[in-house]
2 protein chains.
Amino acid sequence: MAEIKLTQGQKELVERLGVFYEKSGMQPASCRVMALLLVADQTELTFEEIQQSLSISKSATSGAINLLLTVNRVEYITRPGERKRYFRAKIMNWKEDMLKKIEEMTAMSVLLKEISKQRPKSTKEFNHTLIEMVSFLEFLQTEMPTIFKKWESKK
Amino acid sequence: MAEIKLTQGQKELVERLGVFYEKSGMQPASCRVMALLLVADQTELTFEEIQQSLSISKSATSGAINLLLTVNRVEYITRPGERKRYFRAKIMNWKEDMLKKIEEMTAMSVLLKEISKQRPKSTKEFNHTLIEMVSFLEFLQTEMPTIFKKWESKK
DNA sequence: TTTTTAGTTCTGCAAATACAGAACTAAGTA
DNA sequence: TACTTAGTTCTGTATTTGCAGAACTAAAAA
C-alpha cells in the first residue's frame with residue numbers, strides 16, 4: 001500500500017499553492033495534484049500515492065492527472081517491469097512554458113490589432129494606446145530570448 | 001433612448017475578444033463589457049448603452065461593470081449636469097497593469113521559494129530548477145523598467 | 001407630488017462544474 | 001483459472017456560477 005506522509009507544513013503548502021493555481025481557472029483537484037508534485041519529498045508519485053495523500057476519489061485523481069497531462073504540466077515515466085506510472089511535474093521546461101504564455105498574450109495582440117484597424121479615426125488617443133499595446137506585446141515576444149540571455153549572464 | 005449600433009464585424013470582434021478574456025476565468029458578462037468598450041466606436045458608454053448593445057439584463061450589467069471597476073479594468077467619468085456615468089476601458093495604464101501581472105507571478109515565486117526551502121536536499125536537479133524559476137521571475141520583475149525603456153527607444 | 005432616470009439589490013432558476021462511488025477494463029500475477 | 005493492480009468510464013448528485021426578472025432606492029425632472 002502506498003504511503004506518502006506529508007508534514008503539516010507540506011500540507012499547508014499544498015493548499016496554498018493549490019489555491020494560487022485555482023486563480024488561473026483550473027479545477028481544484030488538478031491544482032492540488034500540481035502542488036503536491038512540487039511539495040512532496042518524492043518528485044515522482046504513483047496514482048495511488050497521489051490519491052491517498054490528497055484524500056480524493058479515484059475518478060477525481062484520474063481526471064485531474066489527465067487534465068494536467070493534456071495541458072502538458074505533468075508527465076509520467078515508467079520503470080522496467082512495473083505497470084504503474086510515476087507522475088511528475090514538468091518543470092524542467094519552464095522556459096518554454098513561459099514563452100508559450102507570452103505567445104498566448106500575443107494572440108490577444110492579434111485581436112487588438114484587428115480592433116484598432118476597424119476603429120474610427122476620431123478616437124485618436126485611444127487608438128494610439130491600442131497600437132502601443134500591440135507594439136509592446138510584439139516587442140516582448142521577440143525580446144524574450146535576449147531577456148533569458150541577460151538573466152543567464154547575470155547569474 | 002440609447003442606441004449604439006454595432007456592425008456585424010464589431011459584434012464578432014466583441015464575441016471573439018470576449019471569449020479570449022473568458023480564458024482568464026472572468027465571468028462572461030464582464031468579458032463582453034470589456035470587449036465592447038474596446039470595439040465600440042464610442043469609447044465612453046453609459047450603463048444603458050452597454051446593457052442594450054449586449055442584450056443582457058440590468059443586474060448582469062451592474063454586476064459586470066462593478067466587477068471591472070473593482071479589478072481596475074474600467075473607470076467612469078461624469079459630465080456636468082448629468083447623473084449618469086460614462087464607462088470606459090482603462091487602457092491608458094496598460095503598463096502598470098502589465099507590471100501588476102508580473103508582480104502576481106512573482107507572488108507565486110514567493111511560494112516556490114518556500115517550497116524549495118523545505119525540500120529534501122536529495123532531489124537536487126528538481127530543487128535547482130525551482131530556484132531557477134524563482135530567480136528568473138525576480139529578475140524579470142526588476143528588469144521590466146529596462147524592457148520598457150528599450151522598447152521606447154526602438155519605436 | 002408624481003414621474004423619470006440610473007442604477008442596486010434580492011430572489012430564484014437553469015446550466016455548468018467538480019467530484020464521489022461503483023462498475024468496468026486490460027494487463028500482469030498466483 | 002481466479003485474483004490483483006492500475007487505472008478509466010459512467011452514473012448521480014451537491015455545489016457553484018451566471019444571469020434574468022422584479023422590486024427597490026436615490027437623485028433629478030416635470
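Scope of the values below: all heavy atoms of this structure, side chains included, with no hydrogens, waters or symmetry mates. Per chain, numbering begins at 1; letters A, B, ... match sequence-line order.
Look at B:Glu152 and B:Lys155 and you find a salt bridge, because one of the NZ, NE, NH1 or NH2 atoms lies within 4.0 Å of a carboxylate O, short of that distance. B:Lys23 and A:Glu104 are not joined by a salt bridge, as no carboxylate oxygen comes within less than 4.0 angstrom of a charged side-chain nitrogen. Between A:Arg16 and B:Glu114, at least one side-chain nitrogen of the basic residue sits less than 4.0 Å from a carboxylate oxygen of the acidic one, meeting the salt-bridge criterion.
At a cut-off of 3.5 angstrom, counting only N and O atoms as typed in the model, there is a donor on one side and an acceptor on the other between the side-chain of B:Arg83 and the base of D:dA27. A donor and an acceptor atom sit less than 3.5 Å apart, one in the side chain of B:Ser59 and one in the base of D:dG21.
If you check the side chains of A:Ser135 and B:Trp151, you find a donor sitting under 3.5 Å from an acceptor.
Remark on DNA chain C: of its neighbouring residues A:Gly81 and A:Ser57, the 5'-side contact belongs to A:Ser57, judged by nearest-heavy-atom nucleotide. Two residues, A:Ala60 and A:Glu82, neighbour DNA chain D, and the one matched to the more 5' nucleotide by heavy-atom proximity is A:Glu82.
A donor-acceptor contact shorter than 3.5 Å is absent between the side chain of B:Ser62 and the backbone of B:Ser59.
Interface limits on DNA chain C: the 5'-most and 3'-most nucleotides within less than 4.0 Å of chain B heavy atoms are C:dT5 to C:dC10.
At a threshold of 4.0 angstrom between heavy atoms, the contacts of A:Ile65 with the nucleic acid are absent.
Across the protein-nucleic acid pair, B:Leu54 atom CG and D:dA20 atom P stand 10 Å apart, rounded to whole Å. Atom CD of A:Gln27 and atom P of D:dT15 are 18 Å apart (whole Å). To the nearest angstrom, C1' of D:dT5 lies 16 Å from CD of A:Gln52. Note: CD (A:Glu22) to C1' (D:dT16) measures 12 Å, nearest angstrom. Distance A:Arg85 CZ to D:dT5 P: 17 Å, rounded to the nearest Å.
The shortest side-chain heavy-atom distance between B:Ile65 and B:Arg85 does not fall under the 4.5 Å cut-off. No side-chain heavy atom of B:Glu125 sits under 4.5 Å from any side-chain heavy atom of A:Thr43. Counting heavy atoms from C-beta on, the side chains of A:Arg73 and A:Leu67 never come closer than 4.5 Å. Residues A:Phe47 and A:Lys84 have side chains not in contact (no heavy-atom distance under 4.5 Å, counting atoms from C-beta outward). B:Leu54 places none of its side-chain heavy atoms less than 4.5 Å from the side chain of B:Thr61.
When the local axes at the two ends of the helix from C:dT1-D:dA30 to C:dA30-D:dT1 are compared, using 5 base pairs at each end, they differ in direction by 10° after rounding to 10°.
Looking at the side chain of A:Lys58, the nearest of the listed nucleotides D:dA6, D:dC19, D:dA27 is D:dA6.
The cationic atom of B:Lys154 (NZ for Lys, CZ for Arg) does not lie both less than 6.0 Å from the six-membered ring centre of A:Phe139 and within 45° of the ring axis.
Remark: nothing in residues 28-41 of chain A comes within less than 4.0 Å of DNA chain D through any heavy atom.
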